[in-house]
2 protein chains.
Amino acid sequence: MKITIADNQAVTLGAAAQKILTVPENGIGLCPVRDILDRIGDKWSMLSILHLGSVESLRFNELRKRIDGISQRMLTVTLRSLETDGLVARKVYAEVPPRVEYRLTSLGVSLLEAMIEFGNWANEHAPQIAQARAAFAAKEQA
Amino acid sequence: MKITIADNQAVTLGAAAQKILTVPENGIGLCPVRDILDRIGDKWSMLSILHLGSVESLRFNELRKRIDGISQRMLTVTLRSLETDGLVARKVYAEVPPRVEYRLTSLGVSLLEAMIEFGNWANEHAPQIAQARAAFAAKEQA
DNA sequence: CCGTATCCGCAGGGATACTG
DNA sequence: CAGTATCCCTGCGGATACGG
């Protein structure tokens, strides 16, 4: 059987996909991809990281204004979650009125880099997806 | 003011992050990242794509067996969603008993590639995250 | 074998009010 | 300013039963 270049790519990609699905012994005890996604796959985490990544640091309400539609409660919850995972650093200044600054840690920055790759994919392929949806909707009419 | 390499990186990264957050006119009418994440950020989409990407094609129940814990209903719903976005192709064979095969489209494969980058990040940094969580938990005791 | 239909529990997350 | 506390509601997704 002749192996084409396309087949070779498929095999390589398949191996990479399988590798991600395997559960290593790493102290989390879950497939890392699922684990990370459970954290940052929620409604606000990615957005928070992107906004924090676009400047050096932001105060609580500055960030709140930038993330359109987020409630005070959810910003608190989201930031606490990101802080727990070591992606965001929280610094409190002993002033009146209080001032709290958030910024990405180096770990958070490395995640941002990975996310930007992903974001680029989303931007590049958005038209194709829109087209696919339209085609699917049209086919459902029949 | 002297610009260090680190600062330069931060600026570059910040620009990239901002770019992703901007809403282009692309027929979707939303920030693409949020849009894509709303689709594949759910409980099963990513896993389905990874499993479909690790072989050429899979029948419904084959895939069901591989994705641990998924219900019949959610596999149907997930696959339909991925099909709608043009990420997965569905082929029905006119046989008895029925046979349906699913495989990634070329668009789906390109998404898989982006996801693998992300998966690698997750695998590499899983220990750091576990450590951060432990540190945070320890700090909360005090 | 490959779905769809129906029911339902529960967690994510919004709105509002209140504190240090 | 930067959070907590409380209430409540929606919708994701599991279980089960049924259909082509």
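Throughout, protein chains are lettered first and strands after them, A, B, ... in sequence-line order, and every chain is numbered starting at 1.
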field: I20(B) side, atom CD1; M46(A) side, atom CE - distance, nearest 0.5 Å
entry: 9.5 Å

message: When you compare the side chain of F118(A) with that of L111(B), does any pair of heavy atoms fall below 4.5 Å?
response: yes

field: Nearest-angstrom distance from the residue atom CG of L58(A) to P of dA2(D)
entry: 11 Å

- prompt: I70(A) has an atom CD1; how far is it from atom C1' of dG3(D), in whole Å?
  reply: 14 Å

query: Hey, are the side chains of L52(B) and V55(B) touching, using non-hydrogen atoms and a 4.5 Å cut-off?
result: no

message: If you define the side chain from C-beta out and look only at heavy atoms, does anything of E113(A) sit under 4.5 Å from L13(B)?
response: yes

- prompt: Between dG11(D) atom P and K43(A) atom NZ, what is the distance in whole Å?
  reply: 10 Å

message: Test of understanding: clusters of I, L, V, M, F, W, Y form through side-chain heavy atoms closer than 4.5 Å, transitively. Do V92(B) and F60(B) belong to the same one?
response: yes

message: In the structure I gave you, are the side-chain heavy atoms of L87(B) and V109(B) within less than 4.5 Å of one another anywhere?
response: no

message: Let's see if you get this right: which residues in residues 92-104 of chain B place a heavy atom under 4.0 Å from DNA chain D?
response: P98(B)

- prompt: Of the non-hydrogen atoms in I40(A) and L37(B), which two are nearest, and what is the gap between them?
  reply: O-CD2, 4.2 Å

Length of the line joining L75(A):CG and dG14(C):P, which is rounded to integer Å: 11 Å

- request: Please state how far atom CG in D68(B) lies from atom C1' in dG13(D), giving the value in whole angstrom units.
  value: 16 Å

query: Rounded to the nearest Å, what distance is computed from the CG atom of residue D38(B) to the C1' atom of nucleotide dG11(D)?
result: 14 Å

Pairs under 3.5 Å (N/O, protein and nucleotides 4-8 of chain D):
unit_1 : atom_1 : unit_2 : atom_2 : d
dT4(D) : OP1    : R80(A) : NH2    : 3.2

field: D42(A) side, atom CG; S48(A) side, atom OG - distance, nearest 0.5 Å
entry: 8.0 Å

task: Round to the nearest Å and state the distance from I67(B) atom CD1 to dC2(C) atom P.
output: 14 Å

task: Check whether any side-chain heavy atom of R59(A) lies under 4.5 Å from a side-chain heavy atom of R99(A), and answer yes or no.
output: yes

field: Length of the line joining M74(B):CE and dA15(D):P, which is rounded to integer Å
entry: 12 Å

